[in-house]
Amino acid sequence: MLPIVTILQEATATALNKHFNQTILLSEVLVQETRKEFEGDYTIVIFSLNKYKLGNPAAIAELLGSLLLASCDFIVKYSVVQGFLNLSFHNNFWKKFIIEHQDADINGDFFNSKEGNNKKILVEFCSPNTNKPLHLGHLRNLMLGDSIIRMYRAAGYEAIPCCLYNDRGIAICKSMYAWTKRFNGITPEASPYNGKGDKLIGDCYVAFSRMLEEEIMELMNNQGISKEEAEKIAPSNLAINEMLVKWENNDPEIRALWATMNGWVYEANQKIYEKLNIPFDKYYYESDLYESGRDIAYEALTKGIFTRREDGAIGIDLTPEKLDFKVLVRSNGTTVYMTQDLGTADKKYEDFGAEKSVYVVGNEQEYHFKVLFLILKKLGRTYSDGLFHLSYGMVNLPTGKMKSREGTTVEAEDLIDEVTTTAYENTIELGKVEGMSEEDVQRLSKTLGLGALKYFLLKVDPTKNMLFDPKESVDLHGHTGPFIQYSYTRTASVKREATSRNSQPLKMEDKIEEVIADSEKALVKTLYKYPALLHEAIYSYNPSIIANYAYEVARDYNRFYHDCKILIADKPFLSAARLAISNITGQTLKKCLDLLGIEVPERM
RNA sequence: GACCUCGUAGCUCAGCUGGAUAGAGCAACUGCCUUCUAAGCAGUAGGUCACAGGUUCGAAUCCUGUCGGGGUCACCA
């Protein structure tokens with residue numbers, strides 16, 4: 001089924017082409033929903049055709065109106081207001097939609113498309129370091145990545161979630177060194193960590209910074225040297241550099257410590273992924289990949305794509321692209337971050353052969369990915385056109401920026417626990433626990449708490465920086481996840497009640513006029529838009545489109561619910577129609593939330 | 001310094017491929033539960049769409065400039 005906008009564009013172009021013997025492009029025909037203060041369903045903006053010099057807009061609108069009325073059987077009337085042609089659809093059009101979709105299921109054709117044709121798309125997200133716990137920024141990342149995966153699956157792609165662990169390097173050495181110095185013998189099982197090894201490692205990382213600061217202060221005071229000089233000779237800094245060298249030389253002791261401490265973090269993170277219900281199909285580790293781009297670099301050098309600079313460094317001159325010379329192998333023969341990414345890109349393609357590959361990474365790395373993709377293209381990688389950096393904005397706190405070294409972060413796990421607790425308290429307070437076991441209440445609280453958190457982070461345009469207000473994130477009213485979940489439970493409740501009353505489905509012969517009155521129409525029109533919005537959300541890698549649409553559906557439904565009695569004993573056809581609308585709404589809300597990774601309860 | 005990005009109600013955000021009187025939520029104030037769940041609905045109030053020019057039938061939306069916030073510009077990751 002073609003989207004209605006396309007149908008109207010085609011009908012308009014066909015009618016006018018014939019009448020004026022001109023070629024009007026579909027894309028030049030502007031079709032939009034009629035504003036609610038005017039009569040009509042869809043509007044054609046005649047001004048948009050000005051460039052074809054067809055004549056006075058009002059006259060063209062009249063003409064087009066009569067042509068469309070004749071050619072499109074679903075149009076029942078039209079009106080012209082200035083240069084706007086407002087088209088009213090026959091109630092049958094909406095009724096047909098309701099009848100055809102009253103049994104639609106979230107796994108069915110209406111809610112999913114096949115446009116992906118089972119093509120593979122790899123989505124890398126989260127990308128944690130192993131030297132500290134996951135924080136709020138990772139949560140935004142995780143939820144975006146998960147939602148992208150879900151949206152692509154709904155569009156018929158084979159979407160593969162993967163996670164790259166930055167498990168080596170100087171940062172991990174900092175935590176390791178601090179642990180040996182200050183925490184030796186303390187394991188995640190010890191108090192106050194209660195099994196949370198990521199927190200222990202995070203504390204080590206912070207401890208290292210303090211230790212180093214103390215040393216630098218002491219050196220500066222005692223030896224009267226500058227801060228830069230003090231940094232160079234501070235024992236802790238010397239020690240971690242030595243550690244890094246030992247690690248690279250496979251020193252058994254260092255490697256063992258490294259493996260143990262990383263293990264703590266993997267375990268802790270895994271628990272969080274499980275809590276969030278965000279699984280990965282594949283994990284990559286920097287420690288396996290960090291030298292993998294070297295061969296590519298040397299090969300590119302022989303092909304003349306890369307060049308050797310006078311100082312011996314190998315890289316690529318991107319000044320023609322108005323970028324700089326990018327070094328990929330240092331003059332001492334070691335590789336850089338970008339080189340590793342070249343190797344990783346090849347490895348991913350080797351593993352999955354995905355035509356599309358998305359990196360969900362913060363916008364501070366835009367330059368990095370711009371250069372990376374450009375180099376891969378110059379290297380002639382066939383997959384390079386399918387690479388996309390989903391660049392998302394930072395999450396700020398009311399108190400300012402998060403800095404892990406200063407301990408001003410919001411840790412992911414704490415936040416998840418907090419929203420769950422708040423949801424629990426609210427559920428109790430509202431007296432919604434009747435007939436529920438303690439276990440039910442716990443499960444509901446988790447569903448609602450996570451719903452609130454995920455929705456809060458996903459409703460904002462991913463490319464924009466956002467402010468995280470802890471109070472607002474656990475709110476259950478208004479433009480929130482729980483509001484949408486609540487709206488779903490209303491549909492579920494109506495459905496249960498209808499089943500017990502044995503309501504019959506809507507049939508074609510049921511009265512049209514009463515079935516789609518004004519009270520129902522706004523909601524039906526909103527429901528009708530789902531496929532177009534899914535397409536738009538996928539096309540723009542933007543789950544917030546789905547989030548905001550779900551809110552629109554929920555709001556329209558609650559208005560409808562308030563204005564219309566759904567289960568009316570004396571008017572079975574009307575009841576059937578409203579029940580059908582309610583059911584479609586329920587599935588739409590469930591599907592939208594599912595695309596956002598949010599579960600729905602049946603009661604709340 | 002150069003480049004990128006953002007600036008919409010007290011706060012958080014929609015709207016931005018140019019279209020009709022700029023929309024929500026939160027916060028404030030008013031109403032509405034004997035009814036399919038009030039985690040809801042309806043209403044009041046709140047705006048020079050940062051500012052100044054330009055493009056045109058029409059600009060929150062496009063262009064230029066100014067101001068303000070954020071980011072990037074490594075042989076760091």
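The sequence lines fix the lettering, A, B, ..., with proteins before strands; numbering per chain opens at 1. What you are looking at is a predicted structure, and each value in this text was computed from that prediction instead of being measured.
- Distance noted for atom C1' between G7(B) and U61(B): 14 Å (whole Å).
- One atom, NZ of K571(A), and another, P of C36(B), lie 19 Å apart when rounded to the nearest Å.
- Distance, H562(A) NE2 to C33(B) P: 10 Å, rounded to whole Å.
- Using a 4.0 Å heavy-atom distance criterion, N465(A) is classed as a sugar-phosphate-only contact.
- The existence of a salt bridge linking K446(A) and E599(A) is excluded, since no basic side-chain nitrogen approaches an acidic carboxylate oxygen closer than 4.0 Å.
- Residues Q365(A) and P462(A) both approach RNA chain B. Their nearest nucleotides, taken by heavy-atom distance, put P462(A) toward the 5′ side.
- As judged by a 4.0 angstrom heavy-atom cut-off over every strand, L323(A) is placed among residues making no nucleic acid contact.
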Query - Contact pattern, 5' to 3', of nucleotides 15-28 of chain B - B, S or - by protein heavy atom under 4.0 Å - result: -B--BBS-SSSS--
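- Comparing the P positions of A60(B) and U8(B) gives an interatomic distance of 15 Å, to the nearest angstrom.
- Applying the ring pair (Phe, Tyr, Trp, His ring centres under 6.0 Å) criterion to Y424(A), with sequence neighbours excluded, gives no partner residue.
- Rounded to whole Å, atom P of A74(B) lies 15 Å from atom CD of E364(A).
- Heavy atoms of K565(A) sit under 4.0 angstrom from at least one base atom.
- Nucleotide U35(B) holds its P atom 18 Å from the CG atom of N558(A), rounded to whole Å.
- For R490(A), the listed nucleotide lying nearest its side chain is A38(B); candidates were A14(B), A38(B), C36(B).
- Using a 4.5 Å heavy-atom cutoff, the side chains of L49(A) and L30(A) are not in contact.
- Rounded to whole Å, the separation between the P atoms of U12(B) and A2(B) comes to 30 Å.
- Using a 4.0 Å heavy-atom distance criterion, E286(A) is classed as a sugar-phosphate-only contact.
- Considering only the side chain of L467(A), C13(B) comes nearest among A77(B), C13(B), G40(B).
- As rounded to the nearest Å, A52(B) and A42(B) have P atoms that lie 36 Å from one another.
- Rounded to whole Å, atom C1' of C4(B) lies 15 Å from atom CG of D324(A).
- Taking atom P in both A22(B) and A9(B), one finds a spacing of 14 Å when rounded to whole Å.
- For C33(B), the base is syn relative to its sugar; the glycosidic angle is within 90° of 0.
- Atoms CD1 (I566(A)) and P (C36(B)) sit 11 Å apart, rounded to a whole Å.
- Stem regions for RNA chain B, each three or more consecutive Watson-Crick or G-U pairs with both distances under 3.5 Å and listed by first number, read B:1-7 with B:67-73, B:10-13 with B:23-26, B:28-32 with B:40-44, B:50-54 with B:62-66.
- If you take CD1 of I316(A) and C1' of A74(B), they are 17 Å apart, rounded to a whole angstrom.
- The main-chain N or O of H479(A) is found under 3.5 Å from a side-chain atom of K459(A) such that the two form a donor-acceptor pair.
- T427(A) comes within contact range of at least one nucleobase, with a heavy-atom separation under 4.0 Å.
- Here N166(A) lies out of heavy-atom contact (under 4.0 Å) with every strand.
- Nucleotides A45(B) and C26(B) are separated by 15 Å at their C1' atoms, to the nearest Å.
- Aromatic ring centres of Y557(A) and F560(A) lie closer together than 6.0 Å.
- Heavy atoms of K432(A) sit under 4.0 angstrom from at least one base atom.
- Both the sub-6.0 Å distance and the 45° axial angle are not jointly satisfied by K432(A) relative to the ring of Y486(A).
- The gap from the C1' atom of G23(B) to that of C49(B) amounts to 12 Å, rounded to the nearest Å.
- The distance between atom CZ of F560(A) and atom C1' of G40(B), rounded to the nearest whole Å, is 15 Å.
- The pair K521(A)-D41(A) meets the salt-bridge criterion, with a side-chain N (NZ, NE, NH1 or NH2) lying under 4.0 Å from an Asp/Glu carboxylate O.
- For Y298(A) and F306(A), the gap between ring centers reaches or exceeds 6.0 Å.
- Remark: the separation of the P atoms in G47(B) and A24(B) is 15 Å, to the nearest Å.
- Applying the side chain to side chain contact (heavy atoms under 4.5 Å, CB included) test between R578(A) and each of L567(A), L506(A), I568(A) identifies I568(A) as the sole match.
- With values rounded to the nearest 0.5 angstrom, D475(A) atom CG is found 8.5 Å from N426(A) atom CG.
- For E366(A) and K370(A), the salt-bridge test fails: no basic side-chain N is under 4.0 Å from an acidic carboxylate O.
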